[in-house]
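Data block below; observations after.
Computation of the quantities below employed the complete heavy-atom set of this structure, encompassing side-chain atoms and omitting hydrogens, waters and symmetry-equivalent molecules.
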Amino acid sequence: MAGIISYGAYIPLHRMDRAEFYRAWGGFAIPGETAVASYDEDTITMAMEASSDCLKGMDRESIDAVFFATTTSPYKERLGASILAAALDLPPAIRTMDVTGTLRAGTTAIAAALDTINAGSAKRALVAIADCRLGAPSGDAEQLLGSGAAAVLLGKDNVIVEIEESSHITDEFSGVWRTDSDVFVRSWEDRMVSDKGYSALLSEAISALMQKSRLGPDAFDRVVFDAPTNVMRHAAVARKLKFDAAKLQDPMVLSLGNTGAALATMMLVAALEEAKAGQRLLFASYGNGADAFVLRTTPALEKLGARRGIKKHLESKRMLTNYETYLRWRGIIPLEAARRPEQSPTSLSSLWRNRREILALYGARCLNCGTIQYVNPSANFTTGVTPIRICAACQSKDRFEPYRFADKKATVFTFTQDNLAASMDPPATVTVVDFDGGGRGVFDMTDRDPAKLEVGMRVEMTFRRLYSDRGIHNYYWKTRPIRCEEN
């Protein structure tokens, strides 16, 4: 039976107390915190983080499909799944698909991936889901919408969660929407949205699932379905369907906010972190209809290695201390341009020629003496990467094999902090790092406290967006302090 082989999740490091929104605009004081994506994060970089967490210890060569689900892709016309596959260093002969346009894009992608596997078109499919929606300043949605990501690897071997049954329903009604030109989420009157949309359709899909599977509310050890921004509606649906409140999974509204298409699967990851073998879960998501699944955990769940998942990411955080930083990071307010010459235009040809070195962070290892080397690309991706042809140690020529640095930890050899360079999070921090096992490189640093940076600090690599030029988002790798100590 097809099911989940592995899972992963990601929550941005930065959180903001909702009291900061209240300080800026007044209105209603909503308790809790909101997870805020950094200035160099978007849904592709967050999906990359969740996918890396999911694929820890997995054979990447065995993956033959990638589904990327979001309502906030950085591109309107470019496949996010292909960027994700390249950064994850997956084989090129795979299926890729973006699923978007609905808040249940994540569960829709999971259903499509299952169909692909059951049809024999793929053996293992990765589904990565991320969202970074914006509410208009001064509104409740601004406080309640958070950023985050989740990923699941699906297949038929070594399954940790079997997917026993599913039910799906669609409906034209949309109480929350954005047009092609909208930056902020729009919504209709709350009672109409909940009564005729969320509460009615989600209940209908879950009821149909229980009837189809001949299971009652008491048959489930955990009940997982996403919540709207009005979290009271979440509990009301559970009561309507006669689920035990103690079995209802926390939607994490107080700790990170509503993460859109990613929320249901992030909640599922949180549930699986606590689940035992042989338990049955109900898993559902709403958005222009609803998807619902019956899941059952297997003994393989308890053998899955440690993941950062939800728990460790929730514990790892840094508070944003002012609302103005949030406005700057989200590009809501214009800033003075840097008083320096403009950057040279990005070269798509160079990005394509050096896509493996840039996106998957490849260097080279000498076949003669084993020396590992990395050459950084040009600062503006105008000329790409100078090929390594001569070994720095033994001077042998053209005797190299590819060597991937993305999953390596490193140590700061030296660093600089520049208060004059243009930066969305000043000062601009640049590090020279020595990778574990060999190799040295120069990388920008993110998610750091400038006052705590020191030579000898342990760091890891993170996939981020450097800058955008003429609609081209330039992705590359940065260093950051090790986020979560792993078991």
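The shortest distance between side-chain heavy atoms of R465 and N474 does not fall below 4.5 Å. Looking at M461 and L361, their side chains come closer than 4.5 Å, going by heavy atoms from C-beta outward. Residues L134 and L145 are not in side-chain contact: their nearest non-hydrogen atoms beyond the backbone lie 4.5 Å or more apart. Taking the side chain as every heavy atom from C-beta outward, L154 and I5 never approach each other to under 4.5 Å. At a threshold of 4.5 Å between non-hydrogen side-chain atoms, the residues Q249 and D226 do not count as touching. Proximity of L282 to V294: side-chain heavy atoms (C-beta onward) are nowhere separated by under 4.5 Å.
The cationic atom of R233 (NZ for Lys, CZ for Arg) does not lie both less than 6.0 Å from the six-membered ring centre of Y198 and within 45° of the ring axis. The cationic group of K408 lies under 6.0 Å from the six-membered ring centre of Y403 and within 45° of the ring axis, placing it in a cation-pi geometry.
At a threshold of 4.0 Å, the pair D140-R18 does not count as salt-bridged, since none of the basic side-chain nitrogens sits closer than that to a carboxylate oxygen. Between E324 and R23 there is a salt bridge, since a side-chain N of the basic residue sits under 4.0 Å from a carboxylate O of the acidic one.
Aromatic ring centres of Y476 and F463: separated by at least 6.0 Å.
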Residue pair E315, K312: steps toward the salt bridge (charged side-chain N to carboxylate O under 4.0 Å, His left out) verdict | CA-CA 5 Å; E315 293 171 351; K312 290 186 177 180; over 6 Å; no
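The salt bridge (Lys or Arg N to Asp or Glu O under 4.0 Å) test with E49 singles out one residue from R480, R483, R308, and that residue is R480.
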